[in-house]
Colleague: 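Take a look at the following structure, please.
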Amino acid sequence: RKEFVDLRVNYVFNESIQKPFEDFMKGFLRGCPARKWKMFLPAELQIVLQGQRKCDWNLLQKNVKYIEYKKLDQTIRNFWTVFHKLQEEKKKMFFAFLTGSDRIPGYGLEYFTFTIEERKVENPDEFYPFASTCYRILLLPR
């Protein structure tokens, strides 16, 4: 029985997936050569591929640049008050809105910057915030 179980486990977890895994690995290594990844420790590689898991959202606020706004403007204070009250999942959704990805870069938020710029419109109450993901700019009406 032990031999049967060992052979069955080997088949299910190794032999049955060998060809699909080889095909996947061949394609993956074509785009991401293995020799380039060897410089990373496993934990570092995970961060590079998946991004940071924990976020210090205060660093995000600290590294913002403002155009047409000042740090103490009421609109900005309201924005950060609401942002910090959001649940973690909603904060990541905002990050995805701003950057196009909900994953925090591997280097963390310590060096991440973005800009909040006033969206000049006649009636600001009729417009939603708009994000330029390429340039990491949040256009925020007053």
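The figures here come from the full heavy-atom set of this structure, side chains too, leaving out hydrogens, waters and symmetry mates. We number each residue from 1, following the sequence as shown.
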Colleague: Taking atom NZ of Lys38 and atom CG of Leu45, what is their separation to the nearest 0.5 Å?
Modeller: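 CG of Leu45 is found 12.5 Å from NZ of Lys38.
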Colleague: Give a yes or no on whether Tyr111 and Trp57 share a hydrophobic cluster (residues Ile, Leu, Val, Met, Phe, Trp, Tyr; joining criterion: side-chain heavy atoms under 4.5 Å apart).
Modeller: yes
Colleague: For Asn63 and Glu110, indicate whether the former's side chain and the latter's backbone hold a donor-acceptor pair under 3.5 Å.
Modeller: yes
Colleague: Arg142 and salt bridge (charged side-chain N to carboxylate O under 4.0 Å, His left out): which single residue from Glu68, Glu118, Glu117, Glu122 fits?
Modeller: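 Passing option: Glu118.
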Colleague: So, taking the atom named CD in Glu15 and the one named CG in Leu7, what distance separates them when rounded to the nearest 0.5 Å?
Modeller: 8.0 Å
Colleague: Indicate yes or no: does Asp73 engage Arg77 in a salt bridge with an N to O separation below 4.0 Å.
Modeller: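 Result for this pair is no, no salt bridge flagged.
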Colleague: Distance check, rounded to the nearest 0.5 Å: Ser16 atom OG versus Phe21 atom CZ?
Modeller: 13.0 Å
Colleague: Can you tell me how far OG1 of Thr115 sits from CZ of Arg136, rounded to the nearest 0.5 angstrom?
Modeller: 9.0 Å
Colleague: Say whether Leu138 and Leu86 are linked into one hydrophobic cluster, either directly or through other cluster members, by side-chain heavy-atom distances under 4.5 angstrom.
Modeller: yes
Colleague: Please report the interatomic distance NZ(Lys91) to CG(Asp102), rounded to the nearest 0.5 Å.
Modeller: 15.0 Å
Colleague: Verify the cluster assignment for Leu60 and Tyr66: are they in a single hydrophobic cluster under the rule of side-chain heavy atoms below 4.5 Å apart?
Modeller: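 Leu60 and Tyr66: one cluster.
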Colleague: State, to 0.1 Å, how close Pro129 and Leu140 come at their nearest heavy-atom pair, and which atoms those are.
Modeller: CG-CD1, 3.7 Å
Colleague: Work out which heavy atom in Pro141 is nearest to a heavy atom in Phe127; give both atom names and the distance.
Modeller: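 Reported closest heavy-atom pair: CG-O, 3.5 Å.
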Colleague: Which is it for Val5 and Val9 under the side chain to side chain contact (heavy atoms under 4.5 Å, CB included) test, yes or no, and what are the steps along the way?
Modeller: CA-CA 6 Å; Val5 170; Val9 167; 4.2 Å; yes
Colleague: Other residues, nucleotides and ligands only: do more than 12 of their heavy atoms fall within 6.0 Å of CD on Glu3?
Modeller: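 Check fails, neighbour count at 12 or below.
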Colleague: Where is the tightest heavy-atom contact between Ile116 and Ile76, given as atom of each residue plus distance?
Modeller: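 Looking at all heavy atoms of both residues, the shortest contact is CG2-CD1, 3.8 Å.
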Colleague: Do other residues, nucleotides or ligands put more than 12 heavy atoms under 6.0 Å from the OH atom of Tyr107?
Modeller: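 Enclosed: over 12 neighbouring heavy atoms sit under 6.0 Å from OH of Tyr107.
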Colleague: Evaluate the ring planes of Trp80 and Phe83, with Trp represented by its six-membered ring, and classify them as parallel (under 30°), tilted (30 to 60°) or perpendicular (over 60°).
Modeller: perpendicular
Colleague: Tell me whether the count of non-hydrogen atoms from other residues, nucleotides or ligands lying under 6.0 Å of CD in Glu89 goes above 12.
Modeller: no
Colleague: About how many Å separate NZ of Lys92 and CG of Leu98, when rounded to the nearest 0.5 Å?
Modeller: 15.0 Å
Colleague: Any side-chain donor paired with an acceptor under 3.5 Å for Asn14 and Gln18?
Modeller: no
Colleague: State yes or no: do Leu29 and Phe24 share one hydrophobic cluster built from I, L, V, M, F, W and Y residues joined by side-chain heavy-atom distances below 4.5 Å, directly or via other members?
Modeller: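 They do share one cluster, since a chain of ILVMFWY contacts under 4.5 Å joins Leu29 to Phe24.
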Colleague: Quick one: does Glu126's side chain have a donor or acceptor within less than 3.5 Å of a partner on Asn123's backbone?
Modeller: no
Colleague: Would you say that more than 12 heavy atoms from the other residues, nucleotides or ligands in this model lie under 6.0 Å from the CD of Gln87, or not?
Modeller: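 No, CD of Gln87 has 12 or fewer neighbouring heavy atoms, counting only those of other groups under 6.0 Å.
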Colleague: Does CZ in Phe97 sit with more than 12 non-hydrogen atoms of other residues, nucleotides or ligands closer than 6.0 Å?
Modeller: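 It does: Phe97 CZ has more than 12 such atoms within range.
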Colleague: Do Val64 and Ile137 belong to the same hydrophobic cluster, where Ile, Leu, Val, Met, Phe, Trp and Tyr are linked whenever their side-chain heavy atoms lie under 4.5 Å apart, directly or via other members?
Modeller: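 No, because Val64 and Ile137 fall into different hydrophobic clusters, even though each may have its own neighbours under 4.5 Å.
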Colleague: Between Thr133 and Gly100, which heavy-atom pair has the shortest distance, and what is it?
Modeller: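 Reported closest heavy-atom pair: CG2-N, 3.7 Å.
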Colleague: Please determine whether side chain to side chain contact (heavy atoms under 4.5 Å, CB included) holds for the pair Tyr69 and Phe79, giving the CA-CA distance in whole Å, both sets of side-chain angles, and the decisive distance to 0.1 Å.
Modeller: CA-CA 12 Å; Tyr69 277 119; Phe79 172 80; over 6 Å; no
Colleague: Quick one: do Ser132 and Leu139 satisfy side chain to side chain contact (heavy atoms under 4.5 Å, CB included)? Show the steps, please.
Modeller: CA-CA 8 Å; Ser132 172; Leu139 296 165; 5.7 Å; no
